[in-house]
Participant: 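Can you keep this structure in mind? I'll have questions shortly.
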Amino acid sequence: MLLLALAAIWGTSFILMKKGLLVFSALELGATRVSVAALLLLPFALRHVGSVERSRFKWLGLSGVVGTLIPAFLFAYAETKLASGLAGVLNALTAVFTLLVGALLFGQRLTGLRVLGIALGLVGTVVMLLLGGSGGTDTPTGEGNAWYGIYILIATIGYGVSVNVIKHKLGGMTPMAVTAVLLLLIGGPALAYLLLGTGFLHKLATVPGAWTAFGYIALLATMSTAVAMVLFNKLIQQSTALFASSSTYLIPVVALAWGALDGEAFNLWHLLGMGVILAGVLIIHRAK
């Protein structure tokens with residue numbers, strides 16, 4: 001049930017980013033997303049921060065930066081020239097990099113079949129970037145560039161690091177404590193940048209449709225960052241890091257469905273690329 005809920009929430013996040021980007025820049029969207037989520041969970045952060053062992057703050061900070069803060073900007077920047085459905089498909093690389101980072105840094109066993117799964121995931125990504133196209137006029141900027149998918153690839157590497165850190169270094173902390181304190185550490189800098197380094201407030205006051213776009217971003221922050229992170233951290237603690245990342249099976253389906261409802265095109269190369277990526281993820285999960 002946690003897996004299905006996460007797939008539905010995160011699968012919807014890509015269309016919400018697209019709607020927010022109609023008014024706000026990628027940097028404004030990323031900073032707003034993190035700031036709102038941090039403010040929502042601030043009461044919980046203040047309740048838990050005093051009981052966190054000092055040695056764990058570096059791991060919470062690392063997970064927050066590479067698994068939440070940087071991806072918030074990278075995904076937003078990617079979607080300026082990449083259709084939301086395609087962004088959701090490329091997000092499936094999270095499972096690939098969860099395994100790869102686990103093997104390289106945390107001693108997870110890397111078998112021949114798992115190497116094959118990793119290779120397929122990367123091949124599928126190349127198919128998507130080289131042959132699948134980017135969505136063209138379906139993007140918020142009205143122009144497409146498939147190579148912007150590389151920003152999502154980088155973000156999923158960060159997700160892979162974060163998942164393994166939470167599983168191996170933050171065991172024993174409740175999911176709410178992990179999420180709230182993690183957001184507390186990165187929320188302050190994000191909010192300061194949003195208010196002092198961007199035109200966010202000016203746009204809210206002067207640009208038509210800005211409040212509607214902000215509503216989409218606020219929903220994104222509430223569900224896809226605050227709520228989903230608590231659920232995901234709970235799933236990591238109750239299972240393996242690899243199983244927790246298997247929501248990537250379903251996220252592309254939800255993301256593509258929202259994209260199709262919004263008029264985004266989807267061609268055979270997209271289907272082939274998605275099929276190869278998900279085949280790689282399936283092999284990774286089934287390999288012993």
Side-chain angles (χ1 to χ4, degrees), residues 1-10 12-13 16 29-76 94 98 101-102 105-106 155-196 217-247:
M1 291 303 295
L2 284 173
L3 206 62
L4 290 173
L6 281 169
I9 293 170
W10 273 335
T12 305
S13 67
L16 294 175
L29 188 150
T32 304
R33 178 178 182 177
V34 173
S35 300
V36 171
L39 289 171
L40 285 171
L41 295 187
L42 181 59
F44 300 97
L46 296 176
R47 180 186 306 171
H48 291 288
V49 69
S51 61
V52 178
E53 298 172 23
R54 291 184 63 183
S55 62
R56 292 192 164 187
F57 278 104
K58 63 178 181 292
W59 298 114
L60 286 163
L62 175 62
S63 179
V65 171
V66 303
T68 301
L69 183 64
I70 293 176
F73 292 106
L74 289 175
F75 268 93
T94 298
T98 296
V101 171
L105 301 179
F106 295 94
T156 56
I157 294 174
Y159 286 158
V161 172
S162 179
V163 169
N164 280 286
V165 166
I166 291 170
K167 180 64 179 179
H168 297 286
K169 300 295 183 180
L170 298 174
M173 292 182 64
T174 67
M176 178 59 78
V178 171
T179 306
V181 176
L182 178 157
L183 284 170
L184 176 67
L185 295 176
I186 63 174
L191 182 60
Y193 171 71
L194 179 67
L195 298 179
L196 303 176
I217 301 173
L219 182 59
L220 173 72
T222 302
M223 297 304 298
S224 299
T225 302
V227 173
M229 282 178 62
V230 173
L231 296 179
F232 188 63
N233 291 338
K234 184 177 180 65
L235 187 61
I236 291 173
Q237 292 181 356
Q238 290 185 348
S239 61
T240 65
L242 198 55
F243 178 80
S245 67
S246 63
S247 57

Participant: Any chance you could measure L4, atom CG, to I9, atom CD1, to the nearest 0.5 Å?
Facilitator: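 It comes to 11.0 Å.
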Participant: Please answer whether the main-chain N or O of V101 pairs with a side-chain N or O of N164 as donor and acceptor at a distance below 3.5 Å.
Facilitator: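 Side chain of N164 to backbone of V101, a donor-acceptor pair under 3.5 Å: no, none is there.
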Participant: With rounding to the nearest 0.5 Å, note down the distance linking CG in L231 to NZ in K234.
Facilitator: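 Separation between the atoms: 9.0 Å.
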Participant: How close do A76 and L29 get, heavy atom to heavy atom, and via which atoms?
Facilitator: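 Nearest heavy atoms, A76 then L29: CB-CD2, 3.8 Å.
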Participant: Would you compute the distance between atom CG of L194 and atom OG of S35 and round it to the nearest 0.5 angstrom?
Facilitator: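 It comes to 5.0 Å.
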Participant: In terms of relative ring orientation, are W10 and F232 parallel, tilted or perpendicular, with 30° and 60° separating the classes?
Facilitator: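 Correct class here is perpendicular.
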Participant: Identify all side-chain donor-acceptor contacts of residues 50-62 below 3.5 Å with residues at least two apart in sequence or on another chain.
Facilitator:
residue, atom, partner, partner atom, Å
S51, OG, H48, O, 2.8
R56, NH1, G171, O, 2.9
R56, NH2, G171, O, 2.6
K58, NZ, S55, O, 2.9

Participant: Going by side-chain contact (heavy atoms from CB on, under 4.5 Å), name the residues that satisfy it together with R47, two or more places apart in sequence or in a different chain.
Facilitator: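 Listed in chain order: F44.
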Participant: Which residue pairs pass the side-chain hydrogen bond (donor to acceptor under 3.5 Å, both in side chains) test when at least one of the two sits in residues 181-192, sequence neighbours left out?
Facilitator: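 Checked against side-chain hydrogen bond (donor to acceptor under 3.5 Å, both in side chains) - neighbours excluded - no pair reaches residues 181-192.
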Participant: If I take atom NZ from residue K169 and atom CZ from residue F106, how far apart are they, to the nearest 0.5 angstrom?
Facilitator: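 Spacing of NZ (K169) from CZ (F106) equals 6.0 Å.
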Participant: If every non-hydrogen atom of A228 is compared with every non-hydrogen atom of L6, which pair is closest and at what distance?
Facilitator: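 It is O-CD2, 3.3 Å.
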Participant: Is any side-chain heavy atom of T98 closer than 4.5 Å to a side-chain heavy atom of V161?
Facilitator: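 T98 does not reach V161 side chain to side chain.
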Participant: By side-chain hydrogen bond (donor to acceptor under 3.5 Å, both in side chains), which residues pair with S63, not counting sequence neighbours?
Facilitator: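 Testing S63 for side-chain hydrogen bond (donor to acceptor under 3.5 Å, both in side chains), a comparison that skips the adjacent residues, returns S162.
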Participant: Sequence neighbours left out, what passes side-chain contact (heavy atoms from CB on, under 4.5 Å) with L46? Give chain and number order.
Facilitator: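 Partners of L46 by the side-chain contact (heavy atoms from CB on, under 4.5 Å) criterion, ordered by chain and then number, come out as L42.
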Participant: Specify the closest pair of heavy atoms between Y193 and A31, including all atoms of both residues, with the distance to one decimal.
Facilitator: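 In terms of heavy atoms, the two residues are closest at CD2-CB, 3.9 Å.
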Participant: On the 0 to 90° scale, with breaks at 30° and 60°, tag the Y159-F75 ring pair as parallel, tilted or perpendicular.
Facilitator: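 Rings of Y159 and F75: parallel, as their planes differ by under 30°.
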Participant: Looking at every non-hydrogen atom in both residues, tell me the closest pair between S13 and S224 and how far apart they are.
Facilitator: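 Heavy atoms only, the tightest pair is CB-OG, 3.2 Å.
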Participant: Quick check on side chain to side chain contact (heavy atoms under 4.5 Å, CB included): which of V230, L183, V34 does T225 satisfy it with?
Facilitator: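 The passing option is L183.
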Participant: Would V65 and I186 count as a side-chain contact (heavy atoms from CB on, under 4.5 Å) here? Give the steps.
Facilitator: CA-CA 7 Å; V65 171; I186 63 174; 4.1 Å; yes
Participant: Just verifying a value: how many Å separate I157 CD1 and I70 CD1, rounded to the nearest 0.5 Å?
Facilitator: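 So the gap between those two atoms works out to 11.5 Å.
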Participant: Give the intermediate values and the outcome of side-chain contact (heavy atoms from CB on, under 4.5 Å) for residues I217 and V36.
Facilitator: CA-CA 9 Å; I217 301 173; V36 171; 5.9 Å; no
Participant: Mind checking the CE-CE spacing from M229 to M176? Nearest 0.5 Å is all I need.
Facilitator: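 Here the interatomic distance stands at 10.5 Å.
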Participant: Do you know which two heavy atoms are closest between R33 and L220, and how far apart they sit?
Facilitator: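 Here R33 and L220 meet closest at CD-CD2, 3.6 Å.
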Participant: Any side-chain hydrogen bond (donor to acceptor under 3.5 Å, both in side chains) involving residues 179-190? Give me the pairs, sequence neighbours left out, ordered by first then second residue.
Facilitator: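 Non-adjacent pairs meeting side-chain hydrogen bond (donor to acceptor under 3.5 Å, both in side chains): T179-N233.
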